[in-house]
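See structure below.
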Amino acid sequence: MNLADIDKNLSAGRFFDAIMQIQPLLNELNESHESEWESKKADSLPREQELLTRLVHSLLSLDMGMQAAPHVIRLSQLQELDGKPDVAVKTLQQGIDHDPGNAQLMLHAGLFQQRQRRFEDARRCYERVLTLEPGHKAALTNLGNVFRDLKMPVQAEKVYKNALMIDPGLVECRNNYGIFLQDQHRYAESCQQLEGVTKQSPEFAAGWLNLGTGLMQLQQYRRAELCFRKALQLDSDYSRARSNLGMCQLMQGRLAEGWKNYEARYQLDTQSSIKPPAFPVSQWQGEPLAGKKLLVWPEQGLGDQIMCAGWLKALKQSAGVSHLVLACANSLVSLFSRLEDVDTVVSIRDAMPLCDYWIGAMSVPFALNQLCSTDIAAQQTKIPPWLNADDCWLPDVLKKPRGSVQRPVRIGLCWKGSAAYQADALRSFALDVYDPLLDVEGVELLTLLPGTRTEFLSWAGASAIDIGHEVDAHSPAFEETAAIMKHLDLVITSDTSIAHLAASLGTTVCVLLNFAGEWRWVAHPAARLPQTNVLRQPVMGDWATVVRKITEKFRVKIGNK
């Protein structure tokens with residue numbers, strides 16, 4: 001039987017005859033491929049889609065919406081898999097129009113809209129399912145996820161709790177609720193839920209991963225490591241678990257193990273910020289580099305790129321590379337142009353020079369550990385400040401000489417990073433957290449944060465140094481900031497690129513971290529420099545105590561009050 005025979009019956013309106021022709025062909029196709037629809041051989045999918053299209057058309061033409069529903073769902077899945085989301089949503093809508101009371105159809109419409117990130121549409125679908133079948137478990141679970149995506153935490157938590165009240169055994173829902181609580185920075189509650197997940201479903205690797213992630217935020221690194229290892233025991237290819245294990249080990253100062261496992265970040269999904277070069281060049285796997293060009297490719301944020309630059313001199317010398325090319329964010333090109341042992345600095349916006357190999361910037365420590373007889377922790381103690389400031393960008397107000405007797409102590413401040421960063425709420429704080437500094441005599445304060453001059457001058461009053469413009473307004477990015485830092489006695493900052501810049505310059509810096517801490521400041525090439533000081537919150541959200549500790553730690557430097 002071929003499609004032409006079926007199409008003749010369809011054209012003639014003989015839909016029942018067409019159904020009788022199609023059904024055996026579908027049965028035969030399904031028997032030859034017993035796996036789920038996602039994993040079927042590619043050559044069978046077009047054939048199945050063609051048959052289902054005709055079957056759904058026939059059933060709906062006969063007003064057999066209930067009988068058509070499972071075929072509508074399957075056809076829409078195939079169409080979505082085939083890269084035709086607009087066709088898939090029309091198929092689902094046709095099925096719903098013929099059977100508006102079918103909860104399964106509506107549920108799958110919601111799942112489709114959710115995958116397409118059309119969260120409001122998905123919300124309406126799930127709410128319709130719950131109208132048709134109050135207490136529908138899958139609809140409740142997914143509605144909670146949609147509210148989470150819509151940044152509606154009150155509604156999300158209400159739905160999750162409702163679902164778990166109906167059925168405490170909903171492992172997926174409890175897991176999602178645990179992730180939601182992590183989003184809200186309620187880590188103790190999150191771990192309580194996720195411990196329930198691992199007890200209910202000990203073979204669920206994602207539950208162990210998520211529990212480990214929460215435990216890290218509570219500084220329970222050993223327990224977190226056990227969770228990540230359990231996840232890997234269940235699924236040895238679980239790259240997220242291995243990457244998180246690496247970060248957990250780095251946090252504990254076990255740098256050789258940590259950097260090795262952190263290499264798994266390259267296998268993470270496409271939402272990861274690790275994006276290899278999109279041009280033909282081989283990733284360096286330790287091949288000899290004499291006479292070769294090696295491209296160091298940037299990873300993640302500006303602060304990460306500044307941090308990673310600290311390893312490049314050791315890389316050039318240890319690997320024997322003839323020509324080292326550093327790609328970086330456009331805003332760092334000017335600053336990085338003075339790096340020693342880097343032969344070429346190029347913006348990722350520009351055309352890349354031809355290179356023989358590339359390496360991710362955060363893979364450099366792992367490579368050094370492989371190349372050198374001493375481990376990376378020992379190498380850290382030998383890394384000097386690696387960036388230099390250019391005084392041509394120094395504001396005039398800071399060029400005036402200061403007397404050596406009772407001269408004011410100059411402190412640069414930063415208190416927030418980019419709001420686009422997922423965990424910004426954990427690292428940023430209000431300017432008035434620094435209020436205790438206003439009571440210290442003999443101190444001059446200066447903002448290192450672009451776009452905050454007016455707010456800062458109003459807050460600091462007579463203690464403020466006003467450079468007359470926003471910082472870096474008249475220079476390439478970071479250049480004026482770097483020049484200013486070299487003429488300060490102290491920088492106090494939240495965990496942003498400003499912190500990494502100060503550390504890389506060798507400026508005395510105090511980095512304020514949240515309660516969980518940050519593995520970068522354990523593995524940082526400047527971590528063992530005496531000028532680098534890292535202080536954590538004693539309890540989550542307590543910045544005031546951290547600022548008080550700074551005042552005590554630097555009492556001689558910033559006054560005696």
Quiz item: Got L312 and L326 here, is their nearest side-chain heavy-atom distance under 4.5 Å?
Solution: yes

Quiz item: Are T496 and T493 side-chain neighbours, meaning at least one heavy-atom pair lies under 4.5 Å?
Solution: yes

Quiz item: Does the side chain of T532 pick up a donor-acceptor pair with the side chain of H524 at under 3.5 Å?
Solution: no

Quiz item: Counting only N and O atoms by type, is there a donor-acceptor contact under 3.5 Å from the side chain of E340 to the main-chain atoms of K313?
Solution: no

Quiz item: Does a side chain donor of either R186 or Q217 reach within less than 3.5 Å of an acceptor in the other side chain?
Solution: no

Quiz item: Would W521 and D495 count as having a side-chain donor-acceptor pair, cut-off 3.5 Å?
Solution: yes

Quiz prompt | Side-chain donor-acceptor contact under 3.5 Å, T213 with N210 | solution = no

Exercise. State, with a plain yes or no, whether a side-chain heavy atom of L490 is found less than 4.5 Å away from one of T507.
Key: no

Self-check item: Between S239 and Y266, a side-chain donor and acceptor under 3.5 Å
Solution: no

Self-check item: Inter-residue atom distance E479.CD - S331.OG, 0.5 Å rounding
Solution: 11.0 Å

Quiz item: With a 3.5 Å cut-off and no angle check, do the side chains of R536 and Q219 form a donor-acceptor pair?
Solution: yes

Quiz item: Do Q285 and Y357 have a side chain donor and acceptor closer than 3.5 Å?
Solution: no

Practice problem: Assert yes or no for the condition that the ring centre distance of F429 to Y434 is strictly below 6.0 Å. | Solution: yes

Quiz prompt | Minimum-distance pair of heavy atoms, taken over all atoms of L413 and I411 | solution = CD2-CG2, 3.8 Å

Quiz item: Quick one: do the W393 and D472 side chains pair a donor with an acceptor below 3.5 Å?
Solution: no

Quiz item: When rounded to the nearest 0.5 angstrom, what is the spacing between CZ in R229 and CH2 in W208?
Solution: 14.5 Å

Exercise. Please check if any side-chain donor atom of D391 sits under 3.5 Å from a side-chain acceptor atom of H487, or the reverse.
Key: yes

Practice problem: Any chance you could measure D356, atom CG, to K293, atom NZ, to the nearest 0.5 Å? | Solution: 8.5 Å

Quiz item: Is it the case that E225 and Q252 place a side-chain donor and acceptor less than 3.5 Å from each other?
Solution: yes

Exercise. Could you walk me through whether W259 and W519 pass ring-ring contact (aromatic ring centres under 6.0 Å, His included), step by step?
Key: CA-CA 11 Å; W259 285 121; W519 62 265; 5.7 Å; yes

Quiz item: Are S463 and E444 close enough that a side-chain donor and a side-chain acceptor fall under 3.5 Å?
Solution: no

Exercise. To the nearest 0.5 angstrom, please state how far the CG atom of L513 sits from the CZ atom of R427.
Key: 11.5 Å

Quiz item: For the atom pair CZ (R548) and CG (L535), what is the distance rounded to the nearest 0.5 Å?
Solution: 12.0 Å

Quiz item: CZ/R265 to CE/M362 distance, rounded to the nearest 0.5 angstrom?
Solution: 7.5 Å

Self-check item: Flag side-chain contact, heavy atom, 4.5 Å: S428 against W415
Solution: no

